[in-house]
Amino acid sequence: MKSNAATAEVAQPYAQALLSIAQSHNLTEEFGTDARTLINLLSGSQELQNFLDNPFIESDNKKNLIKQIVAEVASPYLRNFLLFLVDRRRIAFLEAILDQYLALLRQLNQTVLAEVTSAVALTEAQLEAVKTKVVAITKAREVEISTNIDSDLISGVIIKVGSQVIDASLRGQLRRLSLRLSSN
């Protein structure tokens, strides 16, 4: 298992290189879309992750699979970058590199990531309200929202932006009430 510090240390320079490639070809947003697609693919398929992580699988086999996966979707520049990662034996860090790329892209675009956890799926109007609230708090130009469903919240939402957490869930309110009652 790779440690988070080691993973970040490896991912950072590759993510910066990917951003440089994207900027030089005016493809930063397209690479961002492709990165999100690949992250979803990796997180949705443990088999794919295991295949790419396995050091005993030949590089050519990994390259062929990558070519099949990104043939229709990604730009040739991104495809070549992925093949380069295989050659450098860094393809196991792909998800971390793509996550870091998205973080750099958000920084470039003055966008913040708001992780919203709710008991049920939020409507478009509710998501817009969350965006407005986050923009007011952070003064960011744009807000990117990542949503999660957690039925244990009962109702309400938890919004996390960086290290700041806004807990407006019923579970959080009950926990705070319990703490106040136990301290008396």
Side-chain angles (χ1 to χ4, degrees), residues 1-8 11-12 14-15 18-19 22 27-50 52-53 69-70 72-74 78 92-184:
M1 187 76 192
K2 300 171 280 234
S3 76
N4 286 342
T7 300
Q12 182 66 28
Y14 286 100
L18 184 58
L19 182 62
L27 295 170
T28 55
E29 293 305 320
E30 289 86 346
F31 276 25
T33 302
D34 292 342
R36 288 180 197 92
T37 302
L38 288 170
I39 288 169
N40 288 336
L41 188 63
L42 288 167
S43 61
S45 173
Q46 191 59 48
E47 288 178 16
L48 176 60
Q49 189 69 49
N50 292 342
L52 294 176
D53 287 353
I69 291 172
V70 299
E72 302 294 318
V73 186
L78 182 58
F93 296 96
L94 179 59
E95 192 168 357
I97 292 167
L98 295 174
D99 280 336
Q100 186 62 44
Y101 174 83
L102 292 174
L104 291 170
L105 184 59
R106 283 190 290 274
Q107 191 176 23
L108 182 72
N109 295 335
Q110 296 178 352
T111 301
V112 295
L113 175 63
E115 297 174 34
V116 179
T117 305
S118 59
V120 295
L122 298 178
T123 65
E124 284 299 318
Q126 290 168 323
L127 289 173
E128 282 303 315
V130 167
K131 279 185 181 180
T132 303
K133 179 76 171 167
V134 171
V135 165
I137 292 170
T138 63
K139 308 289 189 249
R141 190 185 323 155
E142 288 288 325
V143 176
E144 185 178 317
I145 293 185
S146 168
T147 58
N148 297 308
I149 305 293
D150 181 357
S151 57
D152 291 344
L153 293 181
I154 305 169
S155 73
V157 296
I158 297 174
I159 303 169
K160 182 179 178 213
V161 180
S163 61
Q164 194 172 15
V165 177
I166 302 165
D167 188 348
S169 68
L170 183 56
R171 182 178 70 185
Q173 292 171 11
L174 291 171
R175 187 174 50 241
R176 288 188 293 276
L177 178 63
S178 171
L179 287 172
R180 272 189 296 221
L181 291 173
S182 65
S183 66
N184 290 334

With a 4.5 Å limit on heavy-atom distance, are the side chains of [X] and [Y] in contact?
{"X": "Ser118", "Y": "Ile149", "result": "yes"}
{"X": "Val134", "Y": "Ile159", "result": "yes"}
{"X": "Ile69", "Y": "Leu38", "result": "yes"}
{"X": "Val130", "Y": "Ile145", "result": "yes"}
{"X": "Gln49", "Y": "Leu94", "result": "no"}
{"X": "Leu42", "Y": "Leu52", "result": "yes"}
{"X": "Leu98", "Y": "Leu18", "result": "yes"}

As an exercise, state the distance from [atom1] of [X] to [atom2] of [Y], rounded to the nearest 0.5 Å.
{"X": "Ile166", "Y": "Lys160", "atom1": "CD1", "atom2": "NZ", "value": "12.5 Å"}
{"X": "Leu27", "Y": "Thr33", "atom1": "CG", "atom2": "OG1", "value": "10.5 Å"}
{"X": "Leu108", "Y": "Glu29", "atom1": "CG", "atom2": "CD", "value": "8.5 Å"}
{"X": "Glu144", "Y": "Leu105", "atom1": "CD", "atom2": "CG", "value": "8.0 Å"}
{"X": "Gln100", "Y": "Leu19", "atom1": "CD", "atom2": "CG", "value": "10.0 Å"}

Inset, instruction - Check Thr117, Leu113, Val116 against Ser146 for a side-chain contact (heavy atoms from CB on, under 4.5 Å) and give me the one that passes. - result: Leu113
For [X] against [Y], the heavy-atom pair lying closest together:
{"X": "Val112", "Y": "Arg106", "answer": "C-CD, 4.2 Å"}
{"X": "Ile137", "Y": "Gln164", "answer": "CG2-OE1, 3.5 Å"}
{"X": "Arg36", "Y": "Leu102", "answer": "CG-CD1, 3.8 Å"}
{"X": "Val135", "Y": "Ala140", "answer": "CG1-O, 3.7 Å"}
{"X": "Ala15", "Y": "Ile97", "answer": "CB-O, 3.6 Å"}

Legend entry - Exceeds 12 heavy-atom contacts within 6.0 angstrom, atom CD of Gln107: no
Legend entry - Side-chain donor/acceptor of Gln126 to backbone N/O of Thr123, under 3.5 Å: yes
Inset, instruction - Look at the side chain of Tyr101 and the backbone N and O of Ala11, then say whether any donor-acceptor pair between them is shorter than 3.5 Å. - result: no
